[in-house]
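Here is the structure we will look at.
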Amino acid sequence: MAEAQRVLRELLADVDDDQVRAPSALPGWSRGHVLAHLTDNARMFARLAEHALRGERVPTYDGGQAERDAIIEATAGRTAVEHRAALAGHTRTLMAVWSRAGAEDWRRPVAFRDADIAATVFARWREVWIHMVDLDLGVGPAAWPQQLAGQALDFLLSRLPHGTCLVATDLDRRWHTGGEGTAPGHEGTAPASEGTAPVREVRGGVRDLAAWLAGRVPDIPPRCPDGLPELGPWPPHPPQPPRRTDAGP
């Protein structure tokens, strides 16, 4: 996480207002929209963790997706200086809240993806690295740490159709979604046994596989003899629970 934040900070150090207003790699979003999302994402995770440490489980956004979208639209037009300051401030707050978590606190539940505080750390890690690519300022998937790429594949595996196997050729590691004689999962370096091979095998470097599965442009497109499978939607968010505390509703 520290490396991701350092790279993002350095990437934005000399960005000017014209660059902020320019289109990002995400359709319909300027770079300002991406920065507004990254900033509010830090605020949101800090809020969830702050409440979780008090034994409270609150909705990711009280107003749901509409609130999230409204915040991004309302803050996308900030100047470059304002974006840098807001992002730095909310990042500091997030890190300060996380720093108060003890060993047992990381398992405290949060509403985000019906997970725990620890899961939000990985989510923030993904958000920062993936959206740095979307800023289109010179950081591509090749800059992603191998561990980040592998973790992104774990998270995004459900986008693949049943019976698909991803093979990271630079790690000799596999992820599969099930098939005849297989069950969904990951890990393993040995090829599948005869008669139990998945229907379709997609091969590539782990960063390229992760970029493709995340809907970004890989440096070297993954390869599949039958053509790359069509990707399903991003893993959905579960329904948001009402606010509660450890003492009950």
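We use all heavy atoms of the structure for the numbers below, so side chains are in, but hydrogens, waters and symmetry mates are not.
Heavy atoms only, all atoms of each residue included: D226 and R200 are closest at CB-NE, 4.1 Å. Counting all heavy atoms, side chain and backbone alike, S24 lies closest to D134 at CB-O, 3.2 Å. Pairing each heavy atom of A76 with each of V20, the nearest pair is O-CG1, 4.5 Å. Contact between R216 and P218 at its shortest, heavy atoms only, is O-CD, 3.2 Å. Pairing each heavy atom of P229 with each of W212, the nearest pair is O-CZ2, 3.7 Å. Considering every non-hydrogen atom in both V15 and A80, the closest pair reads O-CB, 3.3 Å.
Judged by distance alone, the side chains of Q151 and R126 do bring a donor and an acceptor atom under 3.5 Å apart. For the residue pair D154 and W175, a side-chain donor N or O sits within less than 3.5 Å of a side-chain acceptor on the partner. Under 3.5 Å, the side chains of H90 and T93 contain no donor-acceptor pair of N or O atoms.
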Taking it one step at a time, do H83 and R31 satisfy side chain to side chain contact (heavy atoms under 4.5 Å, CB included)? CA-CA 10 Å; H83 273 297; R31 291 192 179 104; over 6 Å; no

Full working for side chain to side chain contact (heavy atoms under 4.5 Å, CB included) between L12 and L137: CA-CA 9 Å; L12 298 176; L137 290 170; 4.2 Å; yes

Evaluate side chain to side chain contact (heavy atoms under 4.5 Å, CB included) for L166 paired with L153, printing each intermediate quantity in order. CA-CA 9 Å; L166 300 180; L153 290 175; 3.8 Å; yes

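Ion pairing of D40 with R78 is absent here, as no side-chain N (NZ or NE/NH1/NH2) approaches a carboxylate O to less than 4.0 Å. Checked for salt-bridge contact, R223 and D208 miss the test: no charged N lies under 4.0 Å from a carboxylate O.
Residues forming a side chain to side chain contact (heavy atoms under 4.5 Å, CB included) with A143 (at least two apart in sequence, or on another chain): W129, V139.
Taking the six-membered ring where the residue is Trp, W29 and H37 present tilted rings, their angle falling between 30° and 60°.
Annotation: salt bridge (charged side-chain N to carboxylate O under 4.0 Å, His left out) contacts involving residues 79-102, sequence neighbours excluded, comprise E50-R100.
Just one residue in the list L38, L11, V34 forms a side-chain contact (heavy atoms from CB on, under 4.5 Å) with M132, and that residue is L11.
Here CD of Q146 is found 4.5 Å from CZ of R207. Values are rounded to the nearest 0.5 Å.
A donor-acceptor distance shorter than 3.5 angstrom exists from the side chain of T120 to the backbone of I117, with no hydrogens or angles considered.
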